[in-house]
2 protein chains.
Amino acid sequence: MELRLLTYVVTIAEEGSVSGAARRLHLTQPTLSRQLRELERQVGGALFDRTGRGLTPTPAGEALVRRARVVLAEARAALDEARLAGQGLSGRFTVTFAGSGINGPLGAALGRLRRELPRVDLRLRESFNDAEMSQAVLDDHCDLAVQRLPLRDARLATRLWWREPMTLFLPEGHPLAHGAEPAPLSALGQIPLVLWPREVSPRSHDEIIALCHHAGVVPRIGAEGHSVQTLLALVAAGFGGAVLADSHRALRRVGVTPRPLAGTSTGLYLVWRAGDTGPLLQRVRTVLTELGQG
Amino acid sequence: MELRLLTYVVTIAEEGSVSGAARRLHLTQPTLSRQLRELERQVGGALFDRTGRGLTPTPAGEALVRRARVVLAEARAALDEARLAGQGLSGRFTVTFAGSGINGPLGAALGRLRRELPRVDLRLRESFNDAEMSQAVLDDHCDLAVQRLPLRDARLATRLWWREPMTLFLPEGHPLAHGAEPAPLSALGQIPLVLWPREVSPRSHDEIIALCHHAGVVPRIGAEGHSVQTLLALVAAGFGGAVLADSHRALRRVGVTPRPLAGTSTGLYLVWRAGDTGPLLQRVRTVLTELGQG
DNA sequence: TCCATGCCATACCTCCCAGGCATGGCGAGT
DNA sequence: ACTCGCCATGCCTGGGAGGTATGGCATGGA
């Protein structure tokens, strides 16, 4: 059975006559007549009653026409979707991203992706663990990771997407909070730190401790929190200062004053499978690159 | 685009190779290779990556294969349904029936229909008005009516399906309730009657009044009720006796004793459009006829 | 390293069938 | 009775689906 026969039977039903349908299909009436017979042979019964003038569908004909319309629409849609998928405009795409980046330009970038690729089933997975994100890409659970420090692996391609200073988020009114210019690293010794628990985000934790050692100060832990909103709440409550990517200032938490740390920087990297040449990945990278800054 | 190409692409994806698919399809590898190219030309992009050994689908290929499976299944289903519809085993069928018949064999018959024609979308509409039921058939709102007295109309075909006596339903302990043999018609003069309101079921109301006149007695109205269950409740409460088709004794209402009326009978008729030669109607009539009794 | 093996692509051929043309039968309206 | 429009049938043709032969290429083992 072929779609051709289905379009014929649908047209015949719509026109109510073989010759009318033949005109619409740019065929001759005998051809169509014969094709209709062939379909009726396959179905094993009449699809139309020949009533002298024109044809009226039998119950079998009506059932077939009703379903044929669906099949034809589905077939068209299948081709269309394949075309779109070939251009990276359709399909499924899973992004895993660092939760610590979502308050910065990453949030806007993901929104832009959704708007520019409306027919793409875009799935997002937040994570706090860099190794886990890279691994998810390697394991084909995700197509792209946007994360801090990617795993070093020949099977992974990476590109720096965003760079910004680390910023010390201070309790409002704290002596360090005065002055708009960046604070020296030594400031880390003048206030207890509010950190992620190491088991939640080891890289972030270790990086901040390393910063302290680099500045020659011994870190004091004021409190630990499992989310950015908790960290900032603890800062506002006076437990200490939190070191986060500068873009978190977008939160404007009441009772918290941000002050960049001189000489620091943190980055967000795009990470994908080196072998992945899918058009969807290309397009996603293009959109993201437009919004990023090395 | 033809279904043939879709089956090819699905098979190729399943086999992971053109030659494997060719074996399964009883084709040669070059033919299949060329057909795949043709489909890729129509889609406007590659559907598979040629990786030396075998093929792996591109995103476009995966999307197409996923949808092609649906299309193929739908197409098969369309043909199947048309075949079934041609044999009267599929489609939609609407029956309107006299509510006064549902406690008799009609209930069982409708259940049998549902079981024997499981793929038919069987719709039921109860009614109490004979003219309305016949009219619904004429107007093509229903395909079959099972009713008391059909409209006389050349466009309608009718057949007596069931015949049974009218039965007087009496309050338990009433003098007339003694004796198993049919009661004479004159019994209608010895007890007030519990009737349908004339506006609800004019035929039924008039028929009972006519019975009384025929017996030479003047009917007394004890009460009126809008449903069989109300009528019987009123009988049990002692308001009088109700005249109903004998099969209502299946209700075994507490406090009510049935006693047939000698010399009476009432029938249920099948009514359909004389011009309706649909296989579904044929089959429904066949099933019903097996269970009926003239 | 070289051959064997199995895969896909291309070139060429054949034959089937979709589609065209001519014609005949038939019902409906004038 | 005539005509018009419709469907069915017979016959013919051309394009394309499918087959055969062959070559290129990657993989894997001696």
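Computed over heavy atoms, backbone and side chain alike; hydrogens, waters and symmetry mates excluded. Naming convention: chains lettered A, B, ... in sequence-line order (proteins, then strands); numbering from 1 in each chain.
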Inset, instruction - Say whether, by atom type as modelled, one donor and one acceptor occur between the side chain of T58(B) and the main chain of A46(B) under 3.5 angstrom. - result: yes
Legend entry - CA sep, side-chain torsions, deciding dist, call: Q282(A), T277(A), side-chain contact (heavy atoms from CB on, under 4.5 Å): CA-CA 7 Å; Q282(A) 313 284 356; T277(A) 57; 4.2 Å; yes
Counting only side-chain nitrogens and oxygens, does [X] get under 4.0 Å of the OP1 or OP2 atom of [N]?
X      : N       : result
S33(B) : dA9(C)  : yes
S19(B) : dC8(C)  : yes
R50(A) : dA8(D)  : yes
Q29(B) : dA9(C)  : no
T31(B) : dG18(D) : no

Atom-pair distance ([atom1] on [X]; [atom2] on [N]), nearest Å:
X      : N       : atom1 : atom2 : result
L27(A) : dA8(D)  : CG    : C1'   : 17 Å
E15(A) : dG5(D)  : CD    : C1'   : 15 Å
L55(B) : dC8(C)  : CG    : C1'   : 8 Å
E38(A) : dA8(D)  : CD    : C1'   : 16 Å
E2(A)  : dC17(C) : CD    : C1'   : 12 Å
R23(A) : dG20(C) : CZ    : P     : 14 Å
L36(A) : dT9(D)  : CG    : C1'   : 15 Å
L39(B) : dG16(D) : CG    : C1'   : 16 Å

Legend entry - Nearest atoms (heavy-atom pairs only) where G88(A) meets L280(A): O-CD1, 3.1 Å
Inset, instruction - Provide the closest heavy-atom pair for R125(B) versus C142(B) in the form atom of the first, atom of the second, distance. - result: NH1-SG, 4.1 Å
Looking across every strand, which nucleic acid part, if any, lies under 4.0 Å from [X] by heavy atom: base, sugar-phosphate, or nothing?
X      : value
Y8(B)  : sugar-phosphate
R37(B) : sugar-phosphate
L32(A) : nothing
S17(A) : sugar-phosphate

Inset, instruction - Would you mind telling me which of dA11(C), dT9(D), dA17(D) lies closest to the side-chain atoms of P30(A)? - result: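 Selected nucleotide (nearest to the side chain): dT9(D).
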Legend entry - Residue mapping more 5' on DNA chain C - nearest nucleotide basis, R34(B) or G20(B):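 Looking at the nearest nucleotide for each, G20(B) comes out on the 5' side.
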Inset, instruction - Determine whether more than 12 heavy atoms belonging to other residues, nucleotides or ligands lie under 6.0 Å from atom CZ of R24(A). - result: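 Enclosed.
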